[in-house]
Each structure stands twice: as structure tokens, then as C-alpha cells.
There are 2 protein chains.
Amino acid sequence: MAESFSTKVVAKSLVDAVTERLEAAIIAGELAPGERIREQTLATALGVSRGPLREAIRRLEGRRLLDRKANVGVSVTELSPQRLDDLLTVRESLEGMACRLASQRMSDAEIDDMRKLLASHSRRREIALGEGYYQESGDVDFHFRIAAASGNELLTSMVTGDLYDLLRVYRYKSSTMTGRTSQALEEHRAIVEALASRDPDQAEQAMRTHIRNARLYAQMALEKAEKEAETS
Amino acid sequence: MAESFSTKVVAKSLVDAVTERLEAAIIAGELAPGERIREQTLATALGVSRGPLREAIRRLEGRRLLDRKANVGVSVTELSPQRLDDLLTVRESLEGMACRLASQRMSDAEIDDMRKLLASHSRRREIALGEGYYQESGDVDFHFRIAAASGNELLTSMVTGDLYDLLRVYRYKSSTMTGRTSQALEEHRAIVEALASRDPDQAEQAMRTHIRNARLYAQMALEKAEKEAETS
DNA sequence: CGCCCGTCGAATGTCAACAATCGACAACTT
DNA sequence: AAGTTGTCGATTGTTGACATTCGACGGGCG
């Protein structure tokens, strides 16, 4: 069967389409943190009526990307170092548990696949140059893989959904910011070997250490940025 | 100033009111798991138009209390032993972290307050009779208190919000089901003493053990119920 | 000059009507 | 009898109009 007929045609409502557009704009920074969203203006720009836009906004509220004040309006959630810290702490907790569960569930073939994934990561140019360890979302993302392997639907949905979106808003993937590339890759390797050991405590600790390091590094980077802003 | 004027008057939109009504109906079982929600019927019953109802439904979708199939409709999320297990595993992970953080942040007075809270719990009649350990939500809930003391806004919001609502749907508080009352209270006491020790690992383990025990007990109770359904 | 009140426009909240979709059921064909 | 197609009613998705609320600004008063 040709490609055109291999997948089912799925209706996409305006609410779905608008949700995606808003999400992309928030993550790209086109809608800036703290910025007010005016329903009529945006609905006109998107060529839809306010109804579906309101529904999309409700969804993004639930995902903590937008904040609402009744009868006043909706704004893009503001970022702060404290909030990033809170978020990474939550991720540490959940991803540690995901890794613990995955260590009991992943097959040997799946663990080999993780090694291959890391090998392909290390061949990428921006990593070799230390520019950053950015990953596509989905199946090639190291953390997605582990969350999916946990076998816990709710946990997977949380880690790969809302919490992932929040991270992206910080222009940050769960691995590293610039400057910590080779260490992050080493930590990923350590996580895979801990998974292979089938020791749940070890697996959980490896992941938690990795995310804690990323959190500490982010704190340092933000403090440094603040100090530089003061002196200039 | 009299009580009537001690708090500000806050506007409550129809969306807010409808959200609460739906939530209450789901938790009380008036809207049963799997049950279809018909917008026009429900809107008529509630005396509002479909617009605010749709917005409320979007919110509850985001909280995993409702499932939507585009162009077909919305139904109450179905319960299953696997989903309860997933949920308790997530809570174990998050509440363990909350307890770890709280062990570093709670004042001595706050820990004494926790002891007093447990003392008041142990004086309650249904606990003495072993009938169950149900707590009001809010400040008198043991787990709420610890989550709030974590100092992590996101974590607190998750534990005391959506995840708490999901638990309530299972007619279950994060402590115990009937039959495990005195053990749960003992475990609560152990958690408080671990908090008082200021040892983060110990605090985290005490909370995780408590929730893991609740999870294992829930599994046994569900299996027992299934076996009894088979023989009758 | 500072404070309070009233007005107005922008924006949000809600409503009801129309458009589109889906599933159930009946009729038709093989 | 089984499978396919067409129809229809119930329901969902969207639109645009009206009602309500809020904040900004200007005018009046002390």
C-alpha cells in the first residue's frame, strides 16, 4: 500500500490547530513570557472565531504555559530561575522513578538501541564542538525513550508532555545547556550502563544525578548571567 | 471587622462554577467512569450555554478527569487497577521528593504541628474503629502539609491539585483504604520522625515506603475484589 | 496638588444559531 | 443471509452578537 494510504486520516479541529500554533509561538519566544494575549486580536490573526481560541487557551492554562486572571485576561507564564529549579527538581524525581522502572522492563535489545542512540548523538557536529546537546523530541530523545520504557502511562505522559513543554520554554532540553556537552553525554552513558545492570537503585540514582547536575549547572549559568547584567 | 467583610469578593465565572460542579460529580461517582457527557443535555441541566461548559470540559481534560474523542464526544476517564498503580507510583516519586525537601525546610514548630495533627487524627472515631483514614483536604491533610512545606511550587501544585483529584476519583486518599488504618497512622508518625531527623534520604524513604505500602495494599484489595466477583 | 468619582472604550464572558460530523438503522444488492 | 450504501437525527464544532467587567483617563472637589 502506498504511503498516502498507510495512515488513517484524522480530523483535526480548530482547537487542536490553534493549540499547536500557540504552543509553538510560546516556545519560540514569539509570545514572550508575561505577554498579554488579546483574544479578538489573536483570533483575527489566526482567522478563527474566539470560541476555539478560548478552548485552546484553556488547554494551555492546564499545561501551565498560560496564566489567567478572570475578567482581565490571559498572559504567557513568566519564567524565573526559581521556577526552572522547581521544574528540574520535579523532573529529577519523576525521571529517576522512570529509570528505576525501566531498569526492570527494558529488554537487552532496547538497551543496545540506547547505546546506538548515544553513539549517533556523539557523532553529531554541535556536540563535538561543545555547542550544545539538543535533541529532537520523540523517539530519538534519550529521556523520552526511558520514560516510555517505564511502562507507566501517567508518568510517561507527564514527562514527555506538559513537563517537556515547560522545559522547552526555557529553551532547554533535559540534557544540558551549552558548556556541559561532553559531561552530559558521559552521564547518559552512565545511565545506560546502570540500566543494563538491572539494579533499580543504581539506575534511579544515575538519572537523578544527571538531572541534579543539569540543575546545578543551570543555576550557575543564571547567576553568571545576572552578574554580567549588573556590571554592564 | 465582621466575618462578612474579612475576605475579598472574588468573581467566579460560570466556567469556574461549572468546572467545580463537574469535578464534584465525577468524584462522587454521579458521573460514572466511562460515561458519555452530552454537552447540550448537561448545559441545559446546569442552566448555562454550551460555551462555558466546553471550556470547563477542556480544563478537566487537562486534569485527566475527562477523555475526549474529536467529533464524537467526551467521557469520564475510566478507572483501572493499572492506572491506580501508575498514579500511586507517580505520587511515591513526587511525595518522596517533597518529603526530602521538607526535611530541610520545616521549622521545629511546624514539625511539632505535624505531631499534633497526627494526635488529632488518632482521636477520630472512624480511625479508632479501623473504618478508614479519610482526611479533609487542605491544611489538615497530612500529605498536603508536607507538599506545601517542600517550598517547590510546581511540586505542591501537582501533588495537591490534579494528582489529588485523580486519587479522589478512586475514592481513595493517599493514606489508606479501609483495613490499614493503624498501620498508616504509624507510618505517618515514622515520616514525621524522619522529618525531625533532618536526614533527607531518611525522610524520602519513609514517605516512599508509606505510599508503596498503600499501593501494594490497594493491589491486594483489588485482586481480592476480582476474585470475589468471579466466585459470585 | 492629590484624591475620588464617573465615563468610556477595550476586552472578556456568555449566548444562541448555524455548519459539520458521526453513528445507528433501514434499504438495497449480491 | 451478509455486505454495502444512503439517510437521518443527535451531537459536536464554530461563529458572531450581545452582556458584563475592568482599567485608563479626565474632571471635579477639598
Side-chain angles (χ1 to χ4, degrees), chain A residues 1 5 7-23 25-26 30-78, chain B residues 5 7-26 30-78:
Chain A
M1 203 186 294
F5 301 110
T7 57
K8 300 192 176 187
V9 176
V10 180
K12 174 184 285 195
S13 66
L14 287 183
V15 179
D16 288 336
V18 169
T19 303
E20 287 174 17
R21 288 286 289 273
L22 280 184
E23 177 188 314
I26 291 168
E30 288 167 33
L31 288 176
E35 182 172 346
R36 267 286 298 283
I37 288 180
R38 289 174 171 77
E39 290 177 9
Q40 188 56 64
T41 308
L42 189 52
T44 304
L46 293 173
V48 301
S49 75
R50 285 172 49 227
L53 175 63
R54 291 178 66 83
E55 288 186 44
I57 285 169
R58 290 289 178 184
R59 282 170 77 173
L60 294 175
E61 260 181 272
R63 291 161 56 178
R64 298 180 171 87
L65 293 176
L66 297 176
D67 286 329
R68 172 184 298 271
K69 189 172 177 189
N71 281 310
V72 173
V74 168
S75 57
V76 180
T77 298
E78 299 209 322
Chain B
F5 301 108
T7 57
K8 299 192 176 184
V9 176
V10 179
K12 177 184 285 193
S13 65
L14 287 185
V15 180
D16 290 334
V18 169
T19 303
E20 287 174 17
R21 287 285 287 276
L22 280 185
E23 177 189 315
I26 292 167
E30 290 167 30
L31 288 175
E35 182 172 345
R36 270 288 297 282
I37 288 179
R38 289 174 169 80
E39 292 177 8
Q40 188 57 65
T41 308
L42 189 54
T44 303
L46 295 173
V48 301
S49 73
R50 282 172 50 225
L53 174 64
R54 289 179 65 84
E55 289 188 40
I57 285 170
R58 290 289 180 185
R59 284 171 77 173
L60 295 176
E61 261 181 271
R63 289 159 58 176
R64 297 179 170 91
L65 294 176
L66 297 176
D67 285 330
R68 174 186 295 272
K69 189 172 178 189
N71 281 311
V72 175
V74 169
S75 56
V76 180
T77 298
E78 299 210 320

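Below, chains carry the letters A, B, ... as their sequence lines are ordered, and counting in each starts from 1. Just so you know, these numbers come straight off a predicted model, no measurement behind them.
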Of B:Ile37 and A:Lys69, the one whose nearest nucleotide on DNA chain D sits closer to the 5' end is B:Ile37
Report yes or no: do B:Asp16 and B:Thr19 form a side-chain donor-acceptor pair below 3.5 Å? no
Whole-Å distance between D:dC22 P and A:Arg36 CZ? 13 Å
To the nearest Å, how far apart are B:Leu14 CG and C:dT12 P? 17 Å
Measure the CG-CG distance between A:Leu22 and A:Leu65 for me, rounded to the nearest 0.5 Å. 9.5 Å
CG/B:Leu42 to CZ/B:Arg36 distance, rounded to the nearest 0.5 angstrom? 12.0 Å
Please tell me if the side chains of A:Leu66 and A:Ile26 come closer than 4.5 Å, counting only heavy atoms from C-beta onward. yes
Is a donor on one side and an acceptor on the other found under 3.5 Å between the side chain of A:Arg38 and the backbone of A:Gly73? no
Which nucleotide in the set D:dT15, C:dT12, D:dT12 lies at the smallest distance from any side-chain heavy atom of A:Arg54? C:dT12
Are any of the side-chain nitrogens in B:Glu55 or B:Arg58 under 4.0 Å away from the carboxylate oxygens of its partner? no
Under a 4.0 Å heavy-atom cutoff, the residues of residues 38-53 of chain B touching DNA chain D are B:Arg38, B:Glu39, B:Arg50
Contact class for B:Val15 vs. all strands (heavy atom < 4.0 Å): base, sugar-phosphate, or nothing? sugar-phosphate
